[in-house]
2 protein chains.
Amino acid sequence: MKPTIHSVAQEAGVSISTVSKVIHNTGSISEQTRKKVFQAMNKLNYHPDVAAASLRGKKTKVIGLLVPDISNPFYAEVARSIEDRSRELGFNVMMCNTDNDAEKEKEYLSLLTSQRIDGIVVASAFRSTDLLEGLLEKGIPIALIASEIPKLSIDTVTVDDYQGGYLATSYLLSLGHKRIAIIVENVRSNIPRLEAFRDAMEEAELPILDGYIIKTEAMIQKGYEGARQLLSLQERPTAIFACNDLLAAGVIQAAKEMGFNIPEDVSVVGFDNTVLSTTTSPMLTTVAQPVKEMGAKVIDLLTKEMQTSKPYKERLLLSPELMVRQSTAALP
Amino acid sequence: MKPTIHSVAQEAGVSISTVSKVIHNTGSISEQTRKKVFQAMNKLNYHPDVAAASLRGKKTKVIGLLVPDISNPFYAEVARSIEDRSRELGFNVMMCNTDNDAEKEKEYLSLLTSQRIDGIVVASAFRSTDLLEGLLEKGIPIALIASEIPKLSIDTVTVDDYQGGYLATSYLLSLGHKRIAIIVENVRSNIPRLEAFRDAMEEAELPILDGYIIKTEAMIQKGYEGARQLLSLQERPTAIFACNDLLAAGVIQAAKEMGFNIPEDVSVVGFDNTVLSTTTSPMLTTVAQPVKEMGAKVIDLLTKEMQTSKPYKERLLLSPELMVRQSTAALP
DNA sequence: TTGAAAGCGCTAACAT
DNA sequence: ATGTTAGCGCTTTCAA
């Protein structure tokens with residue numbers, strides 16, 4: 001039998017409330033009693049039952065995490081940083097993969113709310129926001145990471161996507177490229193990246209040619225297909241900005257397969273700075289998101305929210321950094 | 001206020017036990033009452049509180065997952081497959097990163113046991129096994145995936161590591177390679193891979209040269225260092241078997257940097273068939289683990305164990321498959 | 001400084 | 001077919 005607070009009390013020859021006080025360091029107990037209780041806990045290898053404690057209004061020390069897909073290296077790194085910080089603060093993380101699918105998002109949300117979790121971190125797209133709104137109204141602490149929902153007042157941590165897109169585009173521009181194409185993922189975070197691309201091109205008084213903007217999903221295969229399409233164009237681009245590393249990896253594959261050299265014939269820039277960016281060949285020039293900091297920050301915001309529901313929400317935009325590697329070169 | 005079984009009962013004008021019966025479809029209730037209750041649940045948007053239910057001896061529907069590092073693509077894929085199957089069966093997954101560190105393993109185990117989880121899946125190394133033994137004795141369902149502890153009687157799902165190692169080595173042998181080196185990770189699962197390597201070499205009556213066996217950790221950087229070491233040898237290997245894709249990616253980097261062509265000068269074989277194996281250039285020949293099946297199987301074993309503690313444990317060895325890509329070639 | 005007792009939301013045995 | 005009731009392990013007044 002698992003030891004309970006009763007068995008500990010019995011073993012120590014005190015009442016259960018005394019044991020509870022010792023555990024939580026509340027009330028006042030004599031040094032002697034405290035020692036007895038600790039001994040009993042050790043002897044029985046007692047661990048308080050969090051479920052029972054949470055029934056009495058305490059917290060569960062569990063945080064729900066909704067990601068599109070943990071096997072996507074970017075989200076794996078996000079998850080890691082979140083779990084690290086959570087553990088430091090004594091929280092466990094419940095992992096949910098939504099595939100950005102509205103049905104799954106809904107299912108998980110209901111699953112999580114019946115699990116009495118203390119808060120939710122969302123990295124999933126949530127194209128339908130009413131569900132989140134509902135939880136927000138109920139006062140369940142929620143925070144967003146690497147995804148934004150502008151119309152909702154909600155704690156958010158993202159990289160500055162606009163700045164990232166601008167960084168990537170203007171770097172290609174500075175290299176002398178004029179025919180630059182972009183492959184974006186069809187999610188909210190990519191909108192500012194595309195916008196920055198447009199702005200940078202306009203500032204440089206350069207046109208975005210027909211068919212130079214491709215919207216697709218975050219898969220290597222999709223990047224591959226997009227690149228084949230772009231590189232088959234009459235006027236093919238000399239540089240491609242792929243809005244995440246997965247897409248960029250596909251672009252590199254396609255370009256090589258079609259006989260183009262990287263970076264001599266085509267420059268490629270990615271986004272995220274995942275492991276992939278160091279295993280492609282040439283290694284990928286990419287926009288780095290400060291994932292460690294983002295994960296830590298989002299948990300800090302969430303736990304702050306759990307303590308006292310703040311009247312205002314915070315929106316953190318961390319700065320991206322361009323990692324120049326070998327997939328980009330000056331136009332000859 | 002969160003609705004409780006009481007509020008539902010009141011709303012529906014019945015007793016709480018009737019509501020409970022409706023929820024669990026037990027006892028007998030009239031169609032009419034059932035409908036009333038469902039309506040009330042919907043109206044209040046009621047979700048049963050799992051914590052409270054679990055207090056009464058029911059299950060928590062939570063599975064703990066211990067992986068070394070979720071940001072390692074292999075474990076990310078393992079985690080994904082585990083979560084998928086868990087969700088199908090109505091379980092949530094609590095994610096824990098141990099870094100194969102004994103301290104963290106211990107901490108998480110104690111954290112998980114006080115969380116009243118229904119079972120634990122372990123992919124972490126657990127060099128010290130007494131902790132697991134303790135849980136096993138307590139009757140907590142545990143299952144291992146992609147890691148083995150031969151001396152413990154415990155449900156286990158792994159790829160046939162010996163066969164995988166044999167597959168890789170004999171493929172290189174069949175290509176005419178004679179000077180083959182190996183880089184292994186210093187964990188249990190790699191022991192049979194190394195053993196198979198030795199056996200295959202012996203059967204081919206080929207020696208394993210001095211310094212041709214390198215033991216290290218699963219990091220790109222370590223693979224890189226290992227390869228630099230190997231390729232600097234007087235008698236350098238013509239083929240390198242890296243016991244996971246991360247190491248193999250490092251090997252490819254080092255080889256290229258030193259001016260060797262792959263596969264012309266050096267053949268490289270990896271293990272795991274993660275995303276990385278398709279983003280390296282050339283793409284990596286590697287031993288594929290059937291991750292989807294492994295994840296599903298381990299959850300099936302675990303849930304079976306949760307229902308009735310079987311007197312015997314199962315050990316599943318799934319077959320690996322060699323994925324031949326472009327990093328290997330016949331010796332000229 | 002300590003202990004008794006009420007109840008958190010729920011299930012299940014037992015009554016009706 | 002439906003309701004009453006006794007806890008599950010714990011926290012937290014309140015009383016001693």
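The shown structure was predicted, so the numbers you read here are calculated from the model rather than taken from an experiment. Within every chain, numbering begins at 1; the chains are lettered A, B, ... in the order of the sequence lines, protein sequences first and strands thereafter.
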Got a sec, which residues hit salt bridge (charged side-chain N to carboxylate O under 4.0 Å, His left out) with [X], two or more places apart in sequence or on another chain?
X	answer
A:Glu11	A:Lys43
B:Asp69	A:Arg80
B:Glu137	none
B:Arg87	A:Glu107

Scoring nucleotides 9-16 of chain D by protein non-hydrogen atoms under 4.0 Å (B base, S sugar-phosphate only, - none) yields BBBB----
Using modelled atom types only, decide if a donor and an acceptor are shared between the side chain of B:Arg315 and the backbone of B:Thr156 within a distance under 3.5 Å.
no
Is it the case that the side chain of B:Glu83 and the backbone of A:Asn97 share a donor-acceptor pair, with hydrogens and angles ignored and the cut-off at 3.5 Å?
yes
Mind checking side-chain hydrogen bond (donor to acceptor under 3.5 Å, both in side chains) for [X] and listing every partner two or more places apart, or none if nothing turns up?
X	answer
B:Ser30	B:Thr33
B:Lys292	none
A:Lys36	none

First-last contacting nucleotides on DNA chain C - partner chain A, under 4.0 angstrom, heavy atom:
C:dT1 to C:dG9
Under a 4.0 Å N-O cut-off, is there an ion pair linking B:Asp99 with B:Lys104?
yes
Note: A:Lys106-A:Glu103 ion pair, threshold 4.0 Å (strictly below)
no
Using a strict heavy-atom distance below 4.0 Å, which residues from residues 28-40 of chain A are in contact with DNA chain D?
none
Starting at CD of B:Gln10 and ending at C1' of D:dT4, how long is that distance when rounded to a whole Å?
17 Å
Pairs meeting criterion salt bridge (Lys or Arg N to Asp or Glu O under 4.0 Å) with involvement of residues 45-56 of chain B, two or more places apart
A:Arg116-B:Asp49
Taking five pairs at each end, how big is the angle between the two axes of the helix from C:dT1-D:dA16 to C:dT16-D:dA1, to 10°?
40°
